[in-house]
Amino acid sequence: MTDTPKDSGAEKPDYKDTVFLPKTNFPMKAGLANKEPAILERWENIGLYQKLRESRKYAEKFILHDGPPYANGNIHIGHALNKTLKDLVVRSQSLLGKDAPYVPGWDCHGLPIEWKIEEQYRKKKRNKDEVPPSEFRAECREYADKWVDVQREEFKRLGVMGEWDTPYLTMDYHAEATIVSELLKFAESGQLYRGAKPVMWSPVEKTALAEAEVEYEDITSTQIDVAFEITAAPNAPKLQELIDAGEKIHAVIWTTTPWTIPVNQALAYGADIEYVIISGTDLNRWSGDSEHLKNYRYLIAKYLLKDFKLRLGLDNEREEWSNEENREVRISPNIKTIWEGKGSELAGAMAKHPMADVLSIPLPDGERLGEGNKPSDEHPTLSLKGEDSKDASFFTKPRPFLDGSTFVTTEAGTGLVHMSPDHGEDDFDLCKAYGINPVFAVDGDGVYREDWAWLPRGDERAGSVINNKFTAPDGPICNDLRDAGALLSAKRDESTKHSYPHSWRSKAKIIYRCTPQWFVPMDKASQTLEPIEEPKTVCPEPVEGQSATHASTSSAGTDDVQNAADELTLRQKAIKAIADTRFVPEKGRNRISSMVEGRPDWVLSRQRAWGVPIALFLDRKTGDYLNDKNVNNRIIEAFKKGGADAWFNADHQEFLGDAYNLDDYDIVTDILDVWFDSGCTHVFTLESDIWPSQSWKADLYLEGSDQHRGWFQSSLLESCGTRGEAPYKAVLTHGFTMDKNGKKMSKSLGNTIDPKKIINVNGADILRLWAASVDYTEDHRIGDEILKGVTDTYRKLRNTFRYMLGGLSDFEESERVAPSDMPELERYILHRLAIVDAQLKEHINNFAFGPYMRTLSSFAQDDLSAFFFDIRKDCLYCDAPSDPKRRAYRSAMDILFHALTRYIAPVLVFTAEEIWQSRFPNENDSIHLKVWPDVDAAWQDDALNDKWGQIREVRIQVTEAIEPLRRDKIIRSSLEAEVRYPLKDLPISGEEFTELCIVADLTDGELSVTKTDHHKCGRCWRLLPEVNEDGDLCGRCEDVIHG
RNA sequence: GGGCCGGUAGCUCAGUUGGUUAGAGCGCACCCCUGAUAAGGGUGAGGUCGCAAGUUCAAAUCUUGCUCGGCCCA
């Protein structure tokens, strides 16, 4: 031995240089934030994604269809989780050998972008209405493009692999053409109709507003009590008796919008609310000489009597009301209760509109009633004109009492609510259920239309319904009601202050107003175009499944009504499709089912600019849309060439061709709901020639749980409407990311966590490992402590790989030992690998990444680091390179290395590559091109498992027994321990067990530990009987060095 | 206000059809090693399973109510 130790003080030589320590350049410290971009660049340079496609060319496909994020703003933690999970799915499926391409997409149309552009205009003091629509749309397009670029870079930095150079955009011309062509499919199959819906409307800007364009401010408005005479009450016999006896009984409603009274069409009660009729004779507060004012009988909710009486000044003994708890009716001497009952008894009851009497009297010169049936300028050809009220028949029709239990309360008012389907959502929905339709009495500027019997445009008293004078207690509405003897109270002062929506732009009050909209019916069997019957005004039972007002009847299919029973409705198709789809987690099925079961018809139209137009021609005479395949094809072709602008800028006569005259048609300028756009992504991406890698239908859609109402549903409905089935085989949903305390993140709370910051500090692999660790099926958290934990897990894993790299340095094929020739310990570990391998595969197929990483980490930690590697350290460091045991160990380690680098590759995409390149440097290669490791199922050996399970248990007993001695400083290293253990309880020899426990010696006896007398080998540090003096060599080491 | 979902150690998660003393990893404390060293090994302390009733011989598990949080509606 020539290389004697240098330290002169030591008597014994230092054998350190003769020990085969792990050798590697792989750094312990990751420095991911710096390293990752370079790795990304290399992948891009070698065309990794294309290489992967090429290598999986003939493999089974797995199509994850990307749900498009909205192209607006930087990505947030939710995007990061979503895209990472998608990447985990794609990469893990690819690892399993499948061809799993990924085409990312963006949602580009819609209000938020439109808004941003408008905002820019406002800053430049430019009026949007003066900008040509094509210019406006071009700016929206440019804006979306800008954010697509930003987000694309952010997603790439996350390590998400995909076709980033050719993503799909909903604003691409081909996409817009497909969207319009899908829309026309709905039109052609009769699954489109024109109906109405109350929307928030600004009479000042004469436009519909979105929720985000509305702000709420306190206003004072006139609050009135109005009496409706009850004409029938078939389910309340006593009440009916009173009516039959000639009593004039009035139902009282209370409202803060007096201007809606002239369009009242019904009254709503709460079925469980208790009502009373009070009778008295002293009401003379308001002018007018109707009989009932002198001798009144009012129907009202019992609980609200007090407030009512106060408003009317009916109560002469106010002090009696001091007790808030007791709101029982206290009858003044001159006020009596003549009827009590539940709201449900009012079912089927009828009342008379307070203006009916006035209007049923022919007016002197018809001035007020207008001439002819002149359509309003709002929607001239619309067959949705509604009631023609010039002969006042609208007002003389009976007003039914409807069950409004879902929204009628006794919080304020009278417990009876007046219903105007034109001007309220509750009103609209309830009336629709009973076949009562809106009448469109108020025009876009907030003034009653010309032919309306009550305050038409021509009336000098008529004003905008948002005008304070118009609704004032002494304004025309109140005055006329007073004249009719129906106004019981009217008040406007500070006490009537309440919150009311205003336009953000003009600050003017807005109203709910029914406007014509396009709908997809949920409950109409497709292909059959049975016109919906004329709604009955009087209809005590809800109309089951009635879609809405006037269905548009197109030319096709009206004859085969007989087949209607065989056809399924869109709702039925969707429910069936849900049953045919796999949901991960399973609870998603329940959620989307209940939503589809309960959802109303799909409103497709928006009165907006930035979107795909509803490219239809409306027949001016009939109001029906033109349904001609040739015309439709010309439209689609034009869209392919010029996008949606083709509709706005086109010569429409060209679309119509020779067969039709543009003068006979109106052009629809509404655009489509952006959810229809995204509902079509499966068509223009999966079925398109642009991405040959894609195919319909998708294996998986993967989005946040909010998309049960969003994309999952819009895609489902779109696909069921056009193809009769879902566009996906499986749907995976994830929860939302909360802050460290489980609270939702928001900018205002200042608890948001920026994914970019995590990437720049810790690295994308840490963020990815976090995403893979949490239970994404639920809401989950992120915060410093959690990220620290993730980083620790990462470091442990990284170090295990580093150890393997060191142990495997200079490993050569010639050294390899076949698993069957390996010692039991190696075979046991390979058995464990086989078990873990199967578990990991199962987790991947269940998209269970949390269990996947936990299985992987604990295998690396418990089985390898703390057990296998620890035991075999002596072998690796000190046995001769040619020793079969050492060769077997390194062979096993090589198998583990190949398996584990592949296992972590989908999650730790950068680290896996770094590890791989560290051992097998090759500029053109990548770990991500590899397939799932070839783990031999035959390695699984249950007998071995039982035996070694037992050994490990005893091993734990031994280490436990050593601990007290170590604590008492009797021994230091476990190598100094001499252990006694009943050998008959050991499935292996004591000699072997000594090695497994890393102790000095093991002899028969009851479990006990003492310090050994042996001396320490100067090279391998084992304490052995053959070593005469500390620092001498043991036999084995002697052989290795000198043999 | 309504529909749906969730609350198990400091953190991330297991916990089968109710069934011994509720588990794991990380972190933490302590100890060892200094030949995986800004590493490695060992031991240990942490939980009235969100709260309260109920069903049962027996409840983290089933039922009801409440509470906190989330998503979607209104």
Side-chain angles (χ1 to χ4, degrees), chain A residues 14-24 26-29 406-407 409 411 425-426 429 585 587-588 590-595 597-600 704-710 713 733-744 769-770 772-775 777-796 798-807 848 850-851 853-862 865-867 869-871 873-874 876-878 955-956 958-969 971-977 998 1019-1021:
Chain A
D14 181 358
Y15 295 103
K16 180 161 184 163
D17 292 344
T18 71
V19 176
F20 311 114
L21 295 178
K23 257 188 286 182
T24 179
F26 188 79
M28 187 176 283
K29 203 166 186 289
T406 51
F407 59 88
T409 67
E411 271 167 34
E425 285 187 312
D426 287 334
D429 292 339
K587 65 190 174 196
N590 181 28
R591 186 154 181 197
I592 195 169
S593 289
S594 59
M595 282 177 179
E597 277 161 17
R599 69 158 294 150
S705 61
D706 56 336
Q707 298 304 328
H708 284 113
R709 182 159 289 278
Q713 199 175 139
T733 46
H734 58 78
F736 286 76
T737 305
M738 303 295 133
D739 74 358
K740 60 180 174 172
N741 297 316
K743 294 274 168 65
K744 158 195 183 142
L769 185 56
W770 163 80
S773 305
V774 296
D775 180 1
T777 66
E778 297 292 341
D779 290 345
H780 46 265
R781 308 173 185 203
I782 195 165
D784 289 343
E785 189 184 0
I786 293 165
L787 283 170
K788 188 176 172 293
V790 172
T791 308
D792 286 331
T793 305
Y794 172 85
R795 270 209 294 267
K796 285 241 172 210
R798 183 179 176 91
N799 220 48
T800 302
F801 279 102
R802 182 169 179 269
Y803 187 70
M804 283 195 278
L805 283 168
M853 275 320 292
R854 254 165 263 130
T855 302
L856 192 49
S857 288
S858 69
F859 178 64
Q861 180 60 32
D862 303 346
S865 194
F867 182 69
F869 294 167
D870 204 32
I871 290 167
K873 257 183 210 169
D874 174 72
L876 180 68
Y877 296 173
C878 300
R955 187 175 184 265
I956 288 167
V958 171
T959 53
E960 266 173 33
I962 293 172
E963 192 60 18
L965 281 81
R966 193 182 273 156
R967 189 145 300 174
D968 295 343
K969 316 275 184 198
I971 64 167
R972 304 162 73 85
S973 162
S974 63
L975 280 167
E976 295 171 38
I998 321 177
R1019 178 165 175 271
C1020 71
W1021 298 347

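Residue numbers start from 1 in every chain, and the chains themselves are labelled A, B, ... in the order their sequence lines are given, proteins ahead of strands.
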Practice task
Start with the C-alpha distance between A/His780 and A/Asp775, add both sets of side-chain angles, then the distance that settles side chain to side chain contact (heavy atoms under 4.5 Å, CB included), and finish with yes or no.
Solution key: CA-CA 7 Å; A/His780 46 265; A/Asp775 180 1; 6.0 Å; no

Problem - Separation of atom CG in A/Asp739 from atom C1' in B/rC11, rounded to whole Å - result: 14 Å

Practice task
Give A/Gly806 one of three labels, base, sugar-phosphate or nothing, depending on what nucleic acid heavy atoms sit under 4.0 Å from its own.
Solution key: nothing

Problem - Among B/rA36, B/rG70, B/rG40, the nucleotide that comes nearest once only the side chain of A/Met28 is considered - result: B/rA36

Exercise for the section: Tell me what A/Arg955 touches on the nucleic acid: a base, only sugar-phosphate, or nothing, going by heavy atoms under 4.0 Å. Expected result: nothing

Practice task
Mind checking A/Arg591 for me? I need base, sugar-phosphate or nothing, with any heavy atom below 4.0 Å counting as a touch.
Solution key: base

Exercise for the section: Ignoring backbone atoms, establish whether A/Lys873 has a side-chain N or O less than 4.0 Å from OP1 or OP2 of B/rA36. Expected result: yes

Exercise for the section: Look at A/Lys16 and B/rG35 and indicate whether a side-chain polar atom (N or O) is within less than 4.0 Å of OP1 or OP2. Expected result: yes

Exercise for the section: State whether the aromatic ring of A/Tyr877 stacks on the base of B/rG35, taking stacking to mean ring centres under 5.5 Å apart and ring planes under 30° to each other. Expected result: no

Practice task
For A/Asn590, report the nucleic acid contact type (base, sugar-phosphate, nothing); a contact means any heavy atom under 4.0 Å.
Solution key: sugar-phosphate

Practice task
In whole angstrom, give me the gap between the C1' atoms of B/rA58 and B/rU21.
Solution key: 15 Å

Exercise for the section: Check the distance between B/rG44's P and A/Arg966's CZ and give it to me in whole angstrom. Expected result: 12 Å

Practice task
Determine: side-chain N/O of A/Ser705 to OP1/OP2 of B/rC5, distance under 4.0 Å, yes or no.
Solution key: no

Exercise for the section: Output yes when at least one side-chain N/O atom of A/Lys969 is less than 4.0 Å from OP1 or OP2 of B/rC32, else no. Expected result: yes

Problem - Between P of B/rC72 and CD of A/Glu597, the distance in whole Å - result: 20 Å

Practice task
Indicate, with a heavy-atom threshold strictly under 4.0 Å, whether A/Val774 touches base, sugar-phosphate, or nothing.
Solution key: sugar-phosphate

Exercise for the section: Report yes if the distance between the aromatic ring centroids of A/Phe801 and A/Phe26 is under 6.0 Å, otherwise no. Expected result: no

Practice task
Would you mind classifying the nucleic acid contact of A/Trp770 as base, sugar-phosphate or nothing, using non-hydrogen atoms under 4.0 angstrom?
Solution key: nothing

Exercise for the section: Name the closest nucleotide to the A/Phe736 side chain, picking from B/rG6, B/rA74, B/rC71. Expected result: B/rC71

Fill in the blank from the handout: Atom CG of A/Leu769 and atom C1' of B/rC13 are separated, to the nearest Å, by 14 Å

Handout entry: Side-chain donor/acceptor of A/Ser865 to base of B/rA36, under 3.5 Å
Key = yes

Practice task
Would you classify B/rG25 as syn or anti? Syn applies when the glycosidic angle is within 90° of 0.
Solution key: anti

Practice task
Taking only Lys NZ, Arg NE, NH1 and NH2, and the carboxylate oxygens of Asp or Glu, determine whether A/Arg966 and A/Glu963 approach each other closer than 4.0 Å.
Solution key: yes

Each nucleotide N or O in nucleotides 20-30 of chain B that has a protein N or O under 3.5 Å away: list the pair and distance.
none

Handout entry: side-chain N/O A/Arg802 vs B/rU37 OP1/OP2, d < 4.0 Å
Key = yes

Exercise for the section: For A/Ser974, answer base if it contacts any base atom (sugar-phosphate contacts may also be present), sugar-phosphate if it contacts only those atoms, and nothing otherwise; contact means non-hydrogen atoms under 4.0 Å. Expected result: nothing

Practice task
Could you check how far CH2 of A/Trp1021 sits from P of B/rG41, rounded to whole Å?
Solution key: 17 Å

